[in-house]
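Report on the structure given below.
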Amino acid sequence: MTIIDEIQKLKKESLGLLTVLVGEDTGQFQLAKEALLKQISFDSSDLSFAYFDMSETDYAQVELDLVSLPFFADEKIVILDYFADLTTNKKRYLSDEDLKKFEDYVSQPVETTRLIVIAEGKLDQKRRLVKRLKRDGLVLEANNLKEVELRQFFKQEIQKMNLNMDNAIMDQLLLKSNFDFAEIYKNLAFLQSYKGSRQIRQDDIDQAIPKTLQDNLFDMSQLLLQGKIDQARSLVHDLRLQGEDEIKLIAILLNQFRLFLQVQLLHKAGMSEQHMVAELSEITGRKINPFQIKFALRDSRSLSLSFLKKAVKVLIETDYQIKQGQFDKDYLFDIALLKIASA
């Protein structure tokens with residue numbers, strides 16, 4: 001069950017004293033926030049609601065609303081949005097004294113106040129305040145979905161939007177959207193306006209969804225692997241006209257070929273996809289998306305380790321030469337493409 005499903009089961013009349021909405025998945029968090037406000041029928045002109053943007057509100061005003069009795073209903077709903085102080089985000093809007101006052105309120109909430117706290121990011125589990133909120137309140141977390149959950153959720157959304165696509169096309173949509181929740185939603189909207197309820201095919205994906213820089217560079221790498229150097233250089237020329245810098249292009253290509261090399265080395269060592277995700281997340285110091293590993297394995301299957309090592313070496317050397325100003329960067333980048341194609 002996704003966080004959206006959980007929110008759709010909530011009712012304004014049965015809200016608990018404390019509800020917290022947080023999440024690291026930006027796209028899913030924004031959708032969950034919209035769904036939550038809709039579910040409770042939030043209306044800024046309704047005097048049974050009190051809304052505060054914590055990034056620009058004096059806590060004394062918030063405290064007054066939290067403890068005061070409702071005038072126009074038996075209960076009132078107080079919404080504290082952008083409450084970054086609860087997350088690992090470095091931004092802080094409240095003083096230690098204000099946070100202590102808020103913690104005191106959470107310890108003894110007013111029975112006629114329904115408090116909703118909204119904060120994008122990861123909850124700071126070390127804070128005593130967070131531990132208390134998790135113990136006494138309903139905490140809704142919009143975190144990255146597993147593959148099964150992501151597919152199930154968007155299959156339901158595709159049906160709701162009356163779109164018609166098979167599983168293979170859905171795979172292409174996920175890949176095209178880089179498995180990002182917000183991007184998938186945006187691209188579904190593109191397809192809906194472009195195709196309506198008619199059967200969606202690969203050509204529709206290519207034409208309706210704008211190409212990202214990563215898409216173009218993936219296309220370029222495929223052209224290089226096929227020996228189509230003129231077409232690859234033509235694509236690079238177009239990217240230059242769009243203002244893309246060679247150093248940025250090299251960085252993205254290097255990340256791509258380095259990942260290909262890493263997954264092939266781990267695959268030959270007999271490691272599963274799940275273990276690859278854990279291993280590479282530890283090596284890189286950031287959480288690796290399992291989809292990246294899955295498709296990197298697929299796309300690099302036909303490439304030899306010697307070629308991948310050569311491509312990575314060429315790109316590293318070219319990056320160094322450009323940054324040292326040894327030659328014109330356009331020339332160095334074109335030479336790098338020729339070396340990779342000839343390898």
Side-chain angles (χ1 to χ4, degrees), residues 2 4 25-28 30-31 144-228 231-232 234-236 238-239 242 244 249 252-253 255-264 267 272-274 276-277 280 287-303 308:
T2 68
I4 310 297
D25 187 330
T26 301
Q28 191 183 170
Q30 290 300 331
L31 188 67
N144 293 321
L145 297 176
K146 296 178 181 178
E147 179 179 354
V148 174
E149 295 171 329
L150 190 73
R151 289 181 181 278
Q152 183 178 0
F153 178 81
F154 279 105
K155 278 185 178 180
Q156 293 172 352
E157 290 303 306
I158 287 168
Q159 290 177 350
K160 290 178 185 176
M161 297 172 74
N162 201 28
L163 291 170
N164 190 359
M165 68 175 71
D166 59 29
N167 290 334
I169 296 300
M170 184 176 177
D171 286 343
Q172 289 302 310
L173 171 66
L174 296 177
L175 180 60
K176 185 83 170 180
S177 307
N178 201 29
F179 305 97
D180 180 87
F181 195 96
E183 283 296 309
I184 298 171
Y185 238 101
K186 182 177 72 176
N187 290 333
L188 280 175
F190 281 137
L191 288 170
Q192 186 180 41
S193 61
Y194 176 76
K195 199 70 175 180
S197 60
R198 290 172 293 167
Q199 180 72 35
I200 295 172
R201 306 186 186 282
Q202 180 63 51
D203 289 345
D204 301 318
I205 296 283
D206 296 336
Q207 293 177 30
I209 300 176
K211 277 198 172 186
T212 64
L213 177 58
Q214 284 80 3
D215 289 334
N216 283 316
L217 287 180
F218 181 79
D219 290 344
M220 186 182 71
S221 67
Q222 295 304 302
L223 291 171
L224 290 175
L225 296 176
Q226 296 165 22
K228 299 177 180 178
Q231 291 173 252
S234 176
L235 182 51
V236 172
D238 291 341
L239 292 174
Q242 295 170 23
E244 300 295 352
L249 300 181
I252 296 174
L253 278 174
N255 284 338
Q256 179 180 312
F257 279 110
R258 183 186 284 126
L259 181 60
F260 284 175
L261 177 58
Q262 289 169 332
V263 297
Q264 284 304 319
H267 178 66
S272 67
E273 288 185 27
Q274 185 177 0
M276 287 184 198
V277 172
L280 292 176
K287 189 174 181 180
I288 298 293
N289 190 321
F291 294 110
Q292 286 181 281
I293 303 303
K294 178 177 181 178
F295 285 93
L297 276 169
R298 184 197 68 181
D299 296 330
S300 64
R301 190 171 292 118
S302 61
L303 305 177
L308 291 171

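Residues take their numbers from the sequence shown, with the count starting at 1.
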Distance-minimising heavy-atom pair for [X] and [Y]:
X	Y	answer
Gly196	Leu163	O-CD2, 3.4 Å
Gly27	Ala182	CA-CB, 3.5 Å
Ser221	Leu253	CB-CD2, 4.3 Å

[X] vs [Y] side-chain heavy atoms within contact, under 4.5 Å:
X	Y	answer
Leu303	Leu261	no
Ile200	Leu173	no
Leu249	Met220	no
Leu188	Met165	yes

Heavy-atom count around Gln274 CD within 6.0 Å, excluding the residue itself: above 12?
->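 Atom CD in Gln274 is not packed in, count stays at 12 or less.
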Let me confirm one number: the [atom1]-[atom2] distance from [X] to [Y], rounded to the nearest 0.5 Å.
X	Y	atom1	atom2	value
Glu273	Ile293	CD	CD1	8.0 Å
Gln156	Lys160	CD	NZ	6.0 Å
Met170	Ile205	CE	CD1	10.5 Å
Leu31	Ile4	CG	CD1	4.0 Å
Gln264	Met276	CD	CE	7.5 Å
Ile209	Glu183	CD1	CD	9.5 Å

Only counting residues at least two apart or in another chain, list the ones meeting ring pair (Phe, Tyr, Trp, His ring centres under 6.0 Å) with Phe260.
->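 Partners of Phe260 by the ring pair (Phe, Tyr, Trp, His ring centres under 6.0 Å) criterion come out as none, since no residue qualifies.
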Between Ser177 and Leu174, is there a donor-acceptor pair closer than 3.5 Å when you use the side chain of the first and the backbone of the second?
->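 Not a single qualifying donor-acceptor pair exists.
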Donor-acceptor pair, Gln192 side chain versus Met161 backbone, under 3.5 Å?
->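 Confirmed, Gln192 side chain pairs with Met161 backbone.
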With Arg151, which residues qualify under side-chain hydrogen bond (donor to acceptor under 3.5 Å, both in side chains), at least two apart?
->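 side-chain hydrogen bond (donor to acceptor under 3.5 Å, both in side chains) list for Arg151, sorted by chain: Glu147, Asp171.
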Any residue meeting side-chain hydrogen bond (donor to acceptor under 3.5 Å, both in side chains) with Ser234, in chain and number order, not counting sequence neighbours |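 Ser234 satisfies side-chain hydrogen bond (donor to acceptor under 3.5 Å, both in side chains) with no other residue.
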Sole residue of Asn164, Asp204, Asp166 in side chain to side chain donor-acceptor pair (under 3.5 Å) with Gln199 |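 Per the side chain to side chain donor-acceptor pair (under 3.5 Å) rule, the option paired with Gln199 is Asn164, out of Asn164, Asp204, Asp166.
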Under the side-chain contact (heavy atoms from CB on, under 4.5 Å) rule, what do Leu150 and Phe181 come out as? Steps first, then yes or no, please.
-> CA-CA 8 Å; Leu150 190 73; Phe181 195 96; 4.1 Å; yes
